[in-house]
Amino acid sequence: MNAPVIDSVATPVVTAPQPTASVRDEAMAADLLTFWIGMGVVAAVLVIMTVVGAVITSEPLLIGAGIFAVMLALVNAVTDITLAAR
């Protein structure tokens, strides 16, 4: 007795498409880059403000630069965490 031969049907191998960067990911990256550029500009202005305050020995200018630098650091930390958590 011979066993019956069963022809197998070749099923095509389906490959999952590689995930590409979504539009949302690209927008988030652009938002983060824009934020970093903005923070860099504000930091540069604060450095100039501090140097000018030190050169002309202006206490109000130095105090203002210090307060703005602290605010910049806090805003930067909170926003970086928020943008990175998305």
Side-chain angles (χ1 to χ4, degrees):
M1 247 182 153
N2 292 336
V5 176
I6 299 174
D7 291 333
S8 63
V9 177
T11 57
V13 177
V14 178
T15 58
Q18 295 297 327
T20 58
S22 69
V23 173
R24 183 177 180 191
D25 291 339
E26 290 175 4
M28 285 180 5
D31 288 346
L32 190 58
L33 179 63
T34 304
F35 173 74
W36 284 343
I37 291 170
M39 285 292 124
V41 168
V42 173
V45 168
L46 284 174
V47 167
I48 293 170
M49 189 174 160
T50 304
V51 169
V52 169
V55 168
I56 64 172
T57 60
S58 171
E59 291 179 13
L61 197 56
L62 287 173
I63 292 170
I67 291 172
F68 285 138
V70 169
M71 289 180 3
L72 174 72
L74 292 174
V75 167
N76 197 5
V78 171
T79 307
D80 268 347
I81 291 170
T82 303
L83 287 176
R86 279 202 234 169

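What you see is a predicted model, and the numbers here were worked out from it, not measured in a lab. For this chain, numbers begin at 1 and follow the sequence in order. Both backbone and side-chain heavy atoms feed into the values below; hydrogens, waters and symmetry mates do not.
For the atom pair CG of L74 and CE of M71, the computed distance is 9.0 Å after rounding to the nearest 0.5 Å.
At a threshold of 4.5 Å between side-chain heavy atoms, the hydrophobic network of Ile, Leu, Val, Met, Phe, Trp and Tyr places V75 and L33 in two separate groups. Linking Ile, Leu, Val, Met, Phe, Trp and Tyr residues whenever their side-chain heavy atoms come within less than 4.5 Å leaves L62 and V55 in two separate clusters. One hydrophobic cluster, built from ILVMFWY side chains closer than 4.5 Å, holds both I63 and V52. Both I48 and L72 belong to a single network of hydrophobic side chains, linked directly or stepwise wherever heavy atoms of I, L, V, M, F, W or Y lie under 4.5 Å apart.
Partner of M49 under the side-chain contact (heavy atoms from CB on, under 4.5 Å) criterion, out of V51, L46, V47: L46 alone.
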